[in-house]
Amino acid sequence: MRSDLTVEIAGIRMKNPVMDASGTFGFGVEYQPLMDISRLGALVTKSVTLEPVCGNPPPRIWETAGGMLNSIGLQNPGLEVFLAEKLPLLHGFNLPVLVNIAGKTLEEYVALAAALEQAPGVAGLEVNISCPNVKEGGMAFGADPSSAAAVTKAVRAASSLPVIVKLSPNVTDITVIARAVEGAGASAISLINTLAGMAIDHEKRRPILGNVTGGLSGPAVKPVALYQVWRVCQAVRIPVIGMGGIMNAGDAIQFMLAGAAAVAVGAANFVQPDVMLEIIDGIEDYMVRHRVAKVNQLVGALEIT
Ligand code: RRO
């Protein structure tokens, strides 16, 4: 029996359910010398903004117990350079490219969505309303149901591409935000972005990160992420892409059992650059061992009682 790893999310066909989490894989081509990126189910870019952003002051990365803090601050070369120099390098890899977009205002999201609609080789938009490391926009949109819905609606209206809205875990009840973006026309939801956190050097009595606070990811956040993915999957009908501390195939399968139709791998890419390929192979091994013919049979197959 051959295992069928293909999944389809919001009309985007993927050869398997594994993609990178935005921001942990650059614009993809950086990893090409280290692994065969065409084996991925999809490729998600670092967030792109209308104008170039140089990001937060260093240090911007800090290892913590079981995880890492980042405060990159949306560093990216801006839409024009992305379209001219980054996106064309991804043509020919035979995999759907999802472009993560972020803005300070609703108008910026709309302009990005409209421009990317015209760009060849874009399979979908991931709308970042959950960056914890910028003062304007970012998480402010994702923490309030009406602004989350407004951004989703505006992007939906500006583009015919699938709209995947990336949610923040830094909210009281994530299902309220999930339902709001579903109601506003999101094609799918991805979660979780990083958990707001900080680190302090007690000898110096100073914060460690240049921006004082950051976003926590890695194995430390996995139980929180699994819980939030599980809750969102029960709250909405649209597909969910689950992420947060996935380090191996077992972790990825756990997110699918909780209801995720696909998964994204983030911090693990920094530990082992080709870990996603190992995860894809590990999912296939699991399917053979458990006689699962189609990977989507795992979605929501958690047995409770
Ligand atoms: O660039 C960042 O600091 C960043 C972003 Br845009 C995000 O969405 N999540 C994160 O942890 N860091």
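Reckoned from all heavy atoms, side chains included, excluding hydrogens, waters and symmetry mates. Everything numeric in this text was worked out from a predicted model, so none of it was measured. Start at 1 and go down the list; that is how both ligands and their atoms are numbered.
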*Do Leu277 and Met35 come close enough that some side-chain heavy atom pair is under 4.5 Å?*
yes

*From CG (Leu90) to OG1 (Thr45), nearest 0.5 Å*: 8.5 Å

*Using heavy atoms and a threshold below 4.0 Å, how should the contact between Asn128 and ligand 1 be classified: side chain, backbone, both, or neither?*
side chain

_Between ligand 1 and Ser130, is the shortest N or O to N or O distance under 3.5 Å?_
no

*asked:* Below a 4.0 angstrom heavy-atom separation, can you tell me which part of Ser22, side chain or backbone, both or neither, approaches ligand 1?
replied: neither

*Only one of Leu40, Leu5, Thr6, Val7 passes side-chain contact (heavy atoms from CB on, under 4.5 Å) with Met14; say which it is.*
Val7

_Take a 6.0 Å sphere around CD of Glu80 and say whether it holds more than 12 heavy atoms from other residues, nucleotides or ligands._
no

_Treating Arg60 as the side-chain partner and Gly214 as the backbone partner, does any N or O pair qualify as donor plus acceptor under 3.5 Å?_
no

*Can you find an N or O of Ser71 that's nearer than 3.5 Å to an N or O of ligand 1?*
no

*Residue portion contacting ligand 1 (non-hydrogen atoms closer than 4.0 Å) for Asn70*: side chain

*asked:* Check this for me - ligand 1, Asn133, N or O atoms closer than 3.5 angstrom, yes or no?
replied: yes

Could you pull out all donor-acceptor pairs under 3.5 Å where a side-chain atom in residues 292-299 meets a protein atom, sequence neighbours excluded?
unit_1	atom_1	unit_2	atom_2	d
Lys294	NZ	Asp4	OD2	3.3
Gln297	OE1	Ala293	N	3.2
Gln297	OE1	Lys294	N	3.2

*Contact atoms of ligand 1, heavy-atom distance to Leu74 under 4.0 Å*: 1 (O), 2 (C), 3 (O), 6 (Br)

*Near Asn94 CG, under 6.0 Å, is it more than 12 heavy atoms from other residues, nucleotides or ligands?*
no

*Which ligand 1 atoms are under 4.0 Å away from a heavy-atom of Ser47?*
6 (Br)

*So Arg39 and Asp281, salt bridge (Lys or Arg N to Asp or Glu O under 4.0 Å) or not? Walk me through it.*
CA-CA 10 Å; Arg39 284 195 58 208; Asp281 293 340; 2.7 Å; yes

*Short list, please: which atoms of ligand 1 are under 4.0 Å from a heavy atom of Thr194?*
9 (N), 10 (C), 11 (O)

Solution key, residues 105-124 side-chain donor-acceptor pairs under 3.5 Å, sequence neighbours excluded:
unit_1	atom_1	unit_2	atom_2	d
Thr105	OG1	Glu108	N	3.1
Glu108	OE1	Lys104	N	3.0
Tyr109	OH	Asn128	O	2.6
Glu117	OE1	Ser159	OG	2.9
Glu117	OE1	Ser160	N	2.6
Glu117	OE1	Ser160	OG	3.3
Glu117	OE2	Ser160	OG	2.9

*For ligand 1, is any non-hydrogen atom under 4.0 Å from Met68's backbone (N, CA, C, O), its side chain (CB onward), both, or neither?*
neither

*Which heavy atom of the protein is the closest neighbour of atom 6 (Br) of ligand 1, given with residue, atom name and distance?*
Cys131 SG, 3.3 Å

*Select the closest option to atom 1 (O) of ligand 1 among Arg60, Lys166, Met139, Lys46, judged by heavy-atom distance.*
Lys46

*Numbered atoms of ligand 1 (with element) below 4.0 Å of Gly73, judged on heavy atoms*: 1 (O), 2 (C), 3 (O)

*Report the part of Asn193 (side chain from C-beta onward, or backbone N, CA, C, O) that has a heavy atom under 4.0 Å from ligand 1; answer both or neither where that applies.*
side chain

